[in-house]
Amino acid sequence: MSVEGPAAPVPADNVLDWLDVEAEKRAQAGLVRRLRPRAAAATELDLAGNDYLGLARDKRVAGAAAAAALKWGAGSTGSRLVTGSTELHAELEQELARFCGTQAALVFSSGFTANLGAVTTLSGRESAIVTDASIHASLIEGCRLSRADIAAVAHNDPSAVAHALRTRRHKRALVVTDSVFSVDGDKADLTALNNACRETGAAMLVDDAHGLGVLGDGGKGAVHEAGLNAAPDVVTTVTLSKALGAQGGAVLGPRRVIRHLTETARSFIFDTALAPASAAAALTALRVLVEEPQRAERAREITATMAERFAAAGLPTSTPEAAVLAVRAPFPDDAVAWAARCAERGVRVGCFRPPSVPDGISRLRLTANAGLTDAEVEQAIQVVTETAPAAS
Ligand SMILES: Cc1ncc(COP(=O)(O)O)c(C=O)c1O
């Protein structure tokens, strides 16, 4: 391989010219992404966001955020190890752990940083990581940072995970999976994965970002549903930004895991703590969910209804098990145009296409929101169905 070393000086204006070349390649591949303005008041039905329980705009939740900002300040002012830990953070951790049935919890500034912290501190150079091929980008980044030996096996194939665990070189191993996969909304077989871990002395890390608030008894999540919440070898990560309608993330699990993370996770130690407003919003949303567990059921019911109706209309639809479902489009451009037609008719849907989808298949991604009325669900179904491209 020839390596081009430093050449003649280049004018400063041209040093980043390669960015334009890359942008042109993305444009040719139909992979342009653009930010679009968002109005404060909702002007369309939102089936693109992750506000599964309809709590992001709940007055109790938003009001708690406002009150916390006035009491504690707009930001956390630093890492909790430096500027101290507020009672809000402590209460949120206690209540999250109690709700999910784990010994302890540690909150992070996002689900992304929670995943980075959990993966890197539970693995390392001297260990193996076995992952499902379809894990979330934040887990993939954690794996890359961990310097562990990584085996990414076929999607939703516990026997492939077991094989990789049995044939590994390292004594220590960590299985990393989403509980509900972000793209199609299908569930991992956590019991089978845990069995494979136990047979081979591996630990398990489950990202329950899409399970918390939606799956399990009253929304306690997929790990609780699988009866693994109190397991000594299972660690769970969650985001506070989906079902809880706030912002932030958390790691839940055995007390000694939480101590280990507090003392060694760089994305906790060197990151400004979760903002007080976000902590208060998540805490209030959690309390609302405890009082109104039917929200979890409603989110699941809406997803199942949409999936049934799309399938009946002949659209290639995923088999959703939580609040996320996908409908396939023939090509990336079809997906983009389909999403645009939905938006024109007042329904906002997600559009997933390569490289965000590991299997290269373009899709519309729809999410349930427990706050939608039956009439709104019906409207969404009609719009998506009537605007579908011919060959989908
Ligand atoms: C499965 C999964 N894990 C982690 C995250 C990251 O969470 P956050 O948005 O709180 O950083 C997301 C969010 O997109 C996700 O879908």
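Just so we're clear, the structure is a prediction, and the values are computed from it rather than from any experiment.
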When you look at [atom1] of [X], are more than 12 heavy atoms from neighbouring residues, nucleotides or ligands closer to it than 6.0 Å?
| X | atom1 | value |
| --- | --- | --- |
| Arg266 | CZ | no |
| His163 | NE2 | no |
| Arg341 | CZ | yes |
| Arg125 | CZ | no |
| Glu93 | CD | yes |
| Glu301 | CD | yes |
| Arg60 | CZ | yes |

Without swapping roles, check the side chain of [X] against the backbone of [Y] for a donor-acceptor pair under 3.5 Å.
| X | Y | answer |
| --- | --- | --- |
| Thr113 | Ser267 | no |
| Arg198 | Gly201 | no |
| Arg295 | Leu53 | yes |
| Arg365 | Cys351 | no |
| Ser146 | Thr120 | no |
| Thr102 | Arg98 | no |
| Ser76 | Gly78 | no |
| Asp46 | Gly49 | yes |

Problem set entry | Verify same cluster id: Val324, Ile381 (apolar side-chain graph, 4.5 Å) | no

Problem set entry | Connected via hydrophobic side-chain network under 4.5 Å: Met204 and Ile258 | no

Does any donor atom in the side chain of [X] or [Y] lie under 3.5 Å from an acceptor atom in the other side chain?
| X | Y | result |
| --- | --- | --- |
| Thr367 | Asn50 | no |
| Thr236 | Asp208 | no |
| His210 | Ser179 | no |
| Asp132 | Asn156 | no |
| Arg80 | Ser85 | yes |

Exercise. Per the side chain to side chain contact (heavy atoms under 4.5 Å, CB included) rule, which among Val176, Leu205, Leu122, Val175 passes with Ile129?
Worked result: Val176

For this session: Sequence neighbours left out, what pairs pass ring pair (Phe, Tyr, Trp, His ring centres under 6.0 Å) with at least one residue falling in residues 108-162?
Result: Phe108-Phe268, His155-Phe181

Exercise. How far apart are the C-alpha atoms of Asp271 and Ser109, what are their side-chain angles, what is the distance that settles it, and do they pass the side chain to side chain donor-acceptor pair (under 3.5 Å) test?
Worked result: CA-CA 8 Å; Asp271 190 36; Ser109 62; 2.3 Å; yes

Problem set entry | Ionic contact status for Asp51 with Lys242, cut-off 4.0 Å | no

